[in-house]
Amino acid sequence: MPAVFPQKITILGATGSIGASTLDVISRHPERYSVFALTACRAADRLAELCLRFSPRYAVMADGDAAKELRNLLQGCATTVLEGGQALCEVARAPEADMVMAAIVGAAGLRPTLAAVTAGKKVLLANKEALVMSGQLFMDAVEASGCCLCPIDSEHNAVFQSLPRDFQRRPEADGIRRILLTASGGPFRDTSFEKLETVTPGEACAHPIWSMGRKISVDSATMMNKGLEVIEAHWLFGVAPDRIEVAIHPQGIIHSMVDYVDGSVLAQLGNPDMRIPIANALAWPDRIESGAGALDLFNIAALSFDRPDFKRFPCLSLAYQALGAGGSMPAALNAANEEAVAAFLDGRLGFCRIADVIAATLEHNGWMGAETLEAVLETDACARSFAREEIRKRGKA
Ligand code: NAD
Ligand code: MG
């Protein structure tokens, strides 16, 4: 069915880095997109500014006190302020919304993202943690509702663009040999083992190419981000883990590739600007201006590739292990990582201890099924409480 314009969008995580890029692209196409709902966790003042600019029907604050503050700030405005996790799900599944940008960071995004999927919305998926936690359950819900799922992660969006348009998650049938996920290598690509022991949150968040939220910035520094992306690619594209390879590509120009059995490798190139995958997903299968500059090939001196160093970046191995083990393991990996990264950002845990906490949590978790949302959430809760204990034992006084 052809889309009717303007399309109404709910942006989950509107005050974040992806939220800002999404609103930037949308504001360039007022005839195509209008904002139905915006959500945030605690930043009432920032959400108020966005509401005044975009006049959504609803604004949701996950936090109750922040919702009170937002109501005060928006007195006399047409936007209705809601609060709490249930309201996040309601604006994700509301009949008026045509599409949902899932850009909450971490496990907090799982329920509202699944609500959008189940309601059959067009879902723009940035919140990779939701898919990592609930893999099979999530993809079963996509299949059951027939929703259109468009990846926002630049690598997965690049793969999406390099696949046949009618791709049905059957890689062999389409002659796909491998997926090559590129990685910048993060701020510590060339940092020695010894030096990694003493790196600070400020250094970890200073990404050489991308400007992102703090959690994903630390994930990029440990390379857990690439690990989560391997798991994400497995679920999105139905490709076996041993057919997903990671290539370090410091220039960040090739965003990922698909290797076909005839020897052809298709890639998507572009400047490192998240507005490109966002515009692609918003308009798919059309193309619209994103605001990103044209790629200047003559200014790129070289494109280089390297194998990842699994010893210095054990989080990448842990993610492959969790994916290989299956069941609840990816959910436990994600939960332990979220706790360890939060502790590192607070100065309670050393950078190299992040991987230790995750490894211990995976060992403790044991294998369990992840067929239901309750089972996934139970794993998430148990892994977090174990990881917190490990952080206390291994952390800084
Ligand atoms: P961010 O920290 O900048 O923003 C996170 C958003 O989520 C904010 O709006 C915040 O209010 C909201 N949020 C946080 N905790 C919440 C909670 N408990 N309940 C409800 N809302 C909550 O993060 P980001 O960098 O924009 O990343 C968002 C997601 O997109 C992540 O899953 C990340 O991995 C993914 N992603 C980001 C980028 C990027 O360039 N930033 C690239 C690829 C994928
Ligand atoms: Mg990415």
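Just follow the structure's listing: the first ligand is 1, and inside any ligand the first atom is 1. Along the sequence shown, residues are numbered consecutively beginning with 1.
By the 4.0 Å N-to-carboxylate-O rule, Arg353 lies close enough to Glu197 to be salt-bridged with it. Ionic pairing of Asp174 and Arg170 is not present here: no N-O contact between side-chain nitrogen and carboxylate oxygen is shorter than 4.0 angstrom.
The closest approach of Glu155 to the Mg ion (ligand 2), by N/O/S atoms, is made by OE1. When you scan the N, O or S atoms of Asp153 for the one nearest the Mg ion (ligand 2), you land on OD1. Sorting the N, O or S atoms of Glu229 by how far they are from the Mg ion (ligand 2) puts OE2 first.
Not a single heavy atom of Lys215 sits closer than 4.0 Å to an atom of ligand 1. At least one heavy atom of Ala103 sits less than 4.0 Å from an atom of ligand 1. At least one heavy atom of Ala14 sits closer than 4.0 Å to an atom of ligand 1.
For CZ of Arg189, the number of neighbouring non-hydrogen atoms (other residues, nucleotides, ligands) closer than 6.0 Å is greater than 12. Counting non-hydrogen atoms of other residues, nucleotides and ligands closer than 6.0 Å to CD of Glu96 gives a total above 12. The neighbour count for Glu378 CD, taken as heavy atoms of other residues, nucleotides or ligands under 6.0 Å away, does not exceed 12. With a 6.0 Å radius and a threshold of 12 heavy atoms from other residues, nucleotides or ligands, Arg243 has its CZ atom at or below the threshold.
Atom numbering of ligand 1 starts at 1 in the shown order; those under 4.0 Å from a heavy atom of Gly13 are 6 (C), 7 (O), 9 (O). Heavy-atom proximity to Ala40, at under 4.0 Å, picks out these atoms of ligand 1: 11 (O). Atoms of ligand 1 lying under 4.0 Å from any heavy atom of Glu129, numbered from 1 in the order shown and given with element: 31 (C), 32 (O), 34 (O). Atoms of ligand 1 found under 4.0 Å from any heavy atom of Ala62 (numbered from 1 in listed order, with element): 19 (N), 20 (C).
In summary, the side chains of Glu232 and His156 do present a donor paired with an acceptor at a separation below 3.5 Å, with no hydrogens or angles considered. Counted by atom type alone, Arg93 and Thr118 present zero donor-acceptor pairs between their side chains at under 3.5 Å. Counted by atom type alone, Glu390 and Thr361 present zero donor-acceptor pairs between their side chains at under 3.5 Å. Between the side chains of Thr379 and Asn365, no donor-acceptor pair of N or O atoms lies under 3.5 Å.
When only non-hydrogen protein atoms are considered, atom 3 (O) of ligand 1 lies nearest to Ser17 N, 2.9 Å. From the protein, the heavy atom lying nearest to atom 25 (O) of ligand 1 is Gly213 N, 2.9 Å. At the shortest separation from atom 5 (C) of ligand 1 among protein heavy atoms lies Val105 CG1, 3.7 Å. The single protein non-hydrogen atom nearest to atom 8 (C) of ligand 1 is Thr15 OG1, 3.5 Å, given as residue, atom name and distance. Of the protein's heavy atoms, Ile104 O, 3.8 Å lies nearest to atom 29 (C) of ligand 1. The nearest heavy-atom contact from the protein to atom 11 (O) of ligand 1 is Cys41 N, 2.9 Å. Of the protein's non-hydrogen atoms, the one nearest atom 38 (C) of ligand 1 is Ile18 CD1, 3.5 Å. The shortest contact between atom 18 (N) of ligand 1 and any protein heavy atom is with Ala108 CB, 3.3 Å.
Panel note: side chain Arg71, backbone Val81; a donor-acceptor pair is recorded below 3.5 Å. Under a 3.5 Å cut-off, the side chain of Thr10 and the backbone N or O of Ala97 do not form any donor-acceptor pair.
Within the 4.0 Å heavy-atom criterion, the part of Met274 lying near ligand 1 is the side chain and not the backbone.
Remark: ligand 1 and Ile216 share no N or O pair separated by less than 3.5 Å (distance only, no angle test). Annotation: Leu88 places no N or O atom under 3.5 Å from an N or O atom of ligand 1; distance criterion only.
Proximity of the aromatic rings of Phe351 and Phe188 is defined here by a centroid distance below 6.0 angstrom, and this criterion is met.
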